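First listed ligand is number 1; within each ligand, the first listed atom is number 1. Scope of the values below: all heavy atoms of this structure, side chains included, with no hydrogens, waters or symmetry mates. In this text the structure is predicted, and so the values were computed from the model without any measurement.
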Amino acid sequence: MSPAAAGNPRVWDPSAYLAFAAFRARPVEDLLHRLTLDAPGSVYDLGCGAGNITAMLAAKWPGRAVTGLDSSPAMLAAAQKRFPDMRWESGDIAAWAPPAPAALLFSNAALHWVPDHAGLVPRLMGALVPGGILAAQMPNTADAPYRACLDQVLKRDPWRGRLADVATHPDPLRAGDYYDLLKPHAAEVDIWETHYAHPLENLDAVVAWVSGAALVPYLSVLTETEKQRFLGDYRDAAARAYRPQADGRVLFTMRRLFLTAKRCRGGTAR
Ligand SMILES: C[S@@+](CC[C@H](N)C(=O)[O-])C[C@H]1O[C@@H](n2cnc3c(N)ncnc32)[C@H](O)[C@@H]1O
């Protein structure tokens, strides 16, 4: 069984995710802005979700074969429906390799759901053509209020017992760890963090955002009645953590780690 399939079921809801597509596209724009692709080959969007980012990749590199890969049937169905002419593939990033070395392996807000980055990152670098690029963005939740709210709720009854066995993703590794994993395979490595403050409409929007991402492993195992109660508890915690701005909006803050690495021409850098 693949690592993704081994844990709890994770039921992704494309509509919950797409509700904030414009805000979620912002880090993608920031990442794409940094990429110049001159090596030949295909482009893959790993953990493509509902496909909107994959479509951005296809628009940026119209001459390339662009494929979106995801393990969620619901997300892939949404991608296929929205972009029927594009290529979609079902698979687990943890076990996946392209049929031929790729020019770009791109991943937005997905690699943190995949375990063992010490093994994954060198493997993905090895799946690139010389001069090919690995580019990824992952949220860093260490000081995120939305994560602290989740931790508070999970410590309370009945969730402490009911959700004790649910596995979620860890934070990404530190920048220095990624540098050391990437550099032996890379001619260039660029790693940075950006702290976003998205002005969401109100507190309900914060809960809706988190429901479509960080809460997915928990909501996936709850009954409909339990879900409503869990979301109510989460909303109460969020009401204490997020204060409305003067115009009533709520700033949803999120630190994100970016990395890009260009594979060295000779295979390894040392
Ligand atoms: C937060 S969504 C991001 C979707 C898309 N990249 C975007 O930015 O809109 C994370 C996606 O990663 C997918 N995912 C998580 N673990 C995966 C794995 N091991 N293999 C393939 N896809 C995975 C989920 O199904 C989900 O669609």
**Asked** Counting from 1, what ligand 1 atoms have a heavy atom of Ser72 closer than 4.0 Å?
**Response** 25 (O)

**Complete:** Min over Pro115, Ala109, Gly212 of heavy-atom distance to atom 10 (C) of ligand 1 lands on Ala109

Tabulate below the donor-acceptor pairs under 3.5 Å that side-chain atoms of residues 230-243 make, not counting sequence neighbours, or state none.
residue, atom, partner, partner atom, Å
Asp233, OD2, Trp159, NE1, 2.8
Tyr234, OH, Tyr146, O, 2.7
Arg235, NE, Asp204, OD1, 2.6
Arg235, NH2, Asp204, OD1, 3.0
Tyr242, OH, Tyr146, N, 2.9
Arg243, NH1, Ala239, O, 3.4

**Request:** Indicate yes or no: does Lys155 engage Asp151 in a salt bridge with an N to O separation below 4.0 Å.
**Result:** no

**Fill in**
Ranking Asp70, Leu120, Thr54 by closest non-hydrogen atom to atom 11 (C) of ligand 1, top hit is Asp70

**Item:** Atom pair CD (Gln137) and OG1 (Thr260), whose distance is rounded to the nearest 0.5 Å
**Value:** 13.0 Å

**Asked** Can you list the ligand 1 atoms lying under 4.0 Å from a non-hydrogen atom of Val114?
**Response** 19 (N)

**Asked** Can you tell which part of Cys48 has a heavy atom less than 4.0 Å from ligand 1: side chain, backbone, both or neither?
**Response** backbone

**Request:** Run the numbers for me: atoms of ligand 1, each under 4.0 Å from some heavy atom of Asn108, listed by number.
**Result:** 3 (C), 5 (C), 6 (N), 7 (C), 8 (O)

**Request:** Taking only heavy atoms of Ile53 into account, list the atoms of ligand 1 that are under 4.0 Å away from them.
**Result:** 7 (C), 8 (O), 9 (O)

With a 3.5 Å cut-off and sequence neighbours excluded, list the donor-acceptor pairs that the side chains of residues 83-91 form with protein atoms.
residue, atom, partner, partner atom, Å
Trp88, NE1, Phe83, O, 3.0
Trp88, NE1, Met86, O, 3.4
Glu89, OE2, Trp96, NE1, 3.1

**Prompt:** So is there a nitrogen or oxygen of Trp113 less than 3.5 Å from a nitrogen or oxygen in ligand 1?
**Reply:** no

**Prompt:** Side chains of Asp30 and Tyr196: donor-acceptor distance under 3.5 Å anywhere?
**Reply:** yes

**Request:** Report, in ascending order of atom number, the atoms of ligand 1 lying under 4.0 Å from any heavy atom of Asp92.
**Result:** 18 (C), 19 (N), 20 (N)

**Contact (N/O only, under 3.5 Å) between Gly47 and ligand 1** = yes

**Nitrogen or oxygen of Asp45 less than 3.5 angstrom from that of ligand 1** = no

**Request:** Using a strict 4.0 Å threshold on nitrogen-to-oxygen distance, state whether Lys227 and Glu224 make a salt bridge.
**Result:** yes

**Message:** Out of all atoms in ligand 1, which are within 4.0 Å of some heavy atom of Ala110? Include the element for each.
**Reply:** 12 (O)

**Atoms of ligand 1 close to Ser71 [distance to a heavy atom under 4.0 angstrom, numbered from 1]** = 14 (N), 17 (C), 18 (C), 20 (N), 21 (C), 22 (N), 23 (C)

**Request:** Would you check if Leu257 and Pro172 make a side-chain contact, meaning some heavy-atom pair closer than 4.5 Å?
**Result:** yes

**Contact (N/O only, under 3.5 Å) between Ile93 and ligand 1** = yes

**Request:** Identify whether the distance between the nearest side-chain nitrogen and carboxylate oxygen of Glu226 and Arg162 falls below 4.0 Å.
**Result:** yes

**Request:** Using atom types as modelled and distance alone, determine if a side-chain donor or acceptor of Asp45 lies under 3.5 Å from a backbone N or O of Thr54.
**Result:** yes

**Request:** Pull out every atom of ligand 1 sitting under 4.0 Å from any heavy atom of Gly91, numbered as shown with elements.
**Result:** 20 (N), 21 (C)

**Item:** Side-chain H-bond candidate by donor/acceptor type, Asp92 with Ser71, under 3.5 Å
**Value:** no

